[in-house]
There are 2 protein chains.
Amino acid sequence: MPDEIDRVSEQWFFLQLAAIIRARIERGEYEPGTLLPREPHFMQHYGVSRGTVRKAAEELARSGHIRRIKGRGNLVLPPQDWH
Amino acid sequence: MPDEIDRVSEQWFFLQLAAIIRARIERGEYEPGTLLPREPHFMQHYGVSRGTVRKAAEELARSGHIRRIKGRGNLVLPPQDWH
DNA sequence: ATAGATTTGTTCGTATGTATA
DNA sequence: GTATACATACGAACAAATCTA
């Protein structure tokens, strides 16, 4: 899992980004109970727009890896919540 | 005026949708000074893409039924603005 | 208590690529 | 060949919830 967006890949940016962040969560690099880095962090680090970061976050919320909290951030969930 | 898209009709989806919304405005179901339902509402309710909803909105803006305001929504205009 | 900053949420604007009729 | 329709992606502005000084 390369830790950057492949811009010539067939796969959409937001799915690539979701896979990257999901892998980091599952490796324990983002700990349950803590907040993910903010949207601007991912925008700058991966060179994508806020919309793309947010679509990736939607994917991670769908798969139970994070819970999105308005005004606070994206809460990393423990393995038992993943699906 | 059936309140859904006729998918086998000769007429384009965006023109059908514009006619549906225009009729609702003219019947007073969407009141002047209020905002139309958001783009995602129409996408889901009529089963069309955002592009189609936006083309319908362009038609309604052209005919003076709404004014489109970035970041806020589509403002319903009073009868004297229709043309 | 409140005023401002931070952060996610919402919404319209624009561009591009693909598929279809 | 052209126009419609769909989806991704980026940009800009406003709204709401939360946190902080």
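Numbers restart at 1 for each chain; the letters A, B, ... are given by sequence-line order, proteins then strands.
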May I have the distance from [X] (atom [atom1]) to [N] (atom [atom2]), rounded to whole angstrom?
{"X": "B:Ile66", "N": "C:dC12", "atom1": "CD1", "atom2": "C1'", "value": "11 Å"}
{"X": "A:Arg68", "N": "D:dT18", "atom1": "CZ", "atom2": "P", "value": "15 Å"}
{"X": "A:Arg38", "N": "C:dG9", "atom1": "CZ", "atom2": "P", "value": "12 Å"}
{"X": "B:His41", "N": "C:dC12", "atom1": "NE2", "atom2": "P", "value": "12 Å"}
{"X": "B:Leu35", "N": "C:dC12", "atom1": "CG", "atom2": "P", "value": "8 Å"}
{"X": "A:Glu58", "N": "C:dT10", "atom1": "CD", "atom2": "C1'", "value": "12 Å"}
{"X": "A:Glu10", "N": "C:dG17", "atom1": "CD", "atom2": "P", "value": "14 Å"}
{"X": "A:Met43", "N": "C:dT7", "atom1": "CE", "atom2": "P", "value": "13 Å"}

Under a 4.5 Å cut-off applied to non-hydrogen side-chain atoms, are [X] and [Y] in contact?
{"X": "B:Leu60", "Y": "B:Asn74", "result": "no"}
{"X": "A:Ser49", "Y": "A:Phe13", "result": "no"}
{"X": "B:Glu31", "Y": "B:Val76", "result": "no"}

inquiry  = Counting only side-chain nitrogens and oxygens, does B:Asn74 get under 4.0 Å of the OP1 or OP2 atom of C:dC12?
reply    =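 Result: yes.
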
request  = Answer yes or no: does a side-chain N or O of A:Arg54 lie under 4.0 Å from OP1 or OP2 of C:dT8?
outcome  =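 It does not, given that no N or O in the side chain of A:Arg54 lies less than 4.0 Å from OP1 or OP2 of C:dT8.
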
Quick test: give all pairs of protein nitrogen or oxygen and nucleotides 1-5 of chain D nitrogen or oxygen below 3.5 Å, distance rounded to 0.1 Å.
unit_1, atom_1, unit_2, atom_2, d
D:dT4, OP2, B:Lys55, NZ, 3.3
D:dA5, OP1, B:Phe13, N, 2.3
D:dA5, OP2, B:Phe14, N, 3.4

With hydrophobic residues grouped by side-chain heavy-atom distances under 4.5 Å, do [X] and [Y] end up in a single group?
{"X": "A:Phe14", "Y": "A:Ile66", "value": "no"}
{"X": "A:Leu15", "Y": "A:Trp82", "value": "no"}
{"X": "A:Ile5", "Y": "A:Ile21", "value": "yes"}
{"X": "A:Tyr46", "Y": "A:Met43", "value": "yes"}

inquiry  = Considering every strand and a 4.0 Å limit on heavy-atom distances, what is the contact class for B:Gly73: base, sugar-phosphate, or nothing?
reply    =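 Result for B:Gly73 = sugar-phosphate.
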
key: Lys/Arg N to Asp/Glu carboxylate O, B:Arg62 vs B:Glu59, below 4.0 Å   =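 A salt bridge links B:Arg62 with B:Glu59.
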
key: Salt-bridge contact A:Asp3-A:Arg24 (side-chain N to carboxylate O under 4.0 Å)   =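 Yes.
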
request  = Keeping the roles fixed (side chain from B:Glu39, backbone from B:Val53), state whether a donor-acceptor pair exists under 3.5 Å.
outcome  =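 No.
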
query = In degrees rounded to 10°, what angle is found between the helical axes fit to the five outermost pairs at each end of the helix from C:dT2-D:dA21 to C:dA21-D:dT2?
reply =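 Computed from the C1' atoms at both ends, the axes differ by 0°.
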
Got a list of protein N/O to nucleotides 12-15 of chain D N/O distances below 3.5 Å?
unit_1, atom_1, unit_2, atom_2, d
D:dA15, OP1, B:Arg72, NH1, 3.0

message = Could you check whether A:Glu26 and A:His65, counting side-chain N and O atoms only, form a donor-acceptor pair closer than 3.5 Å?
response =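 Result is yes, a qualifying pair exists.
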
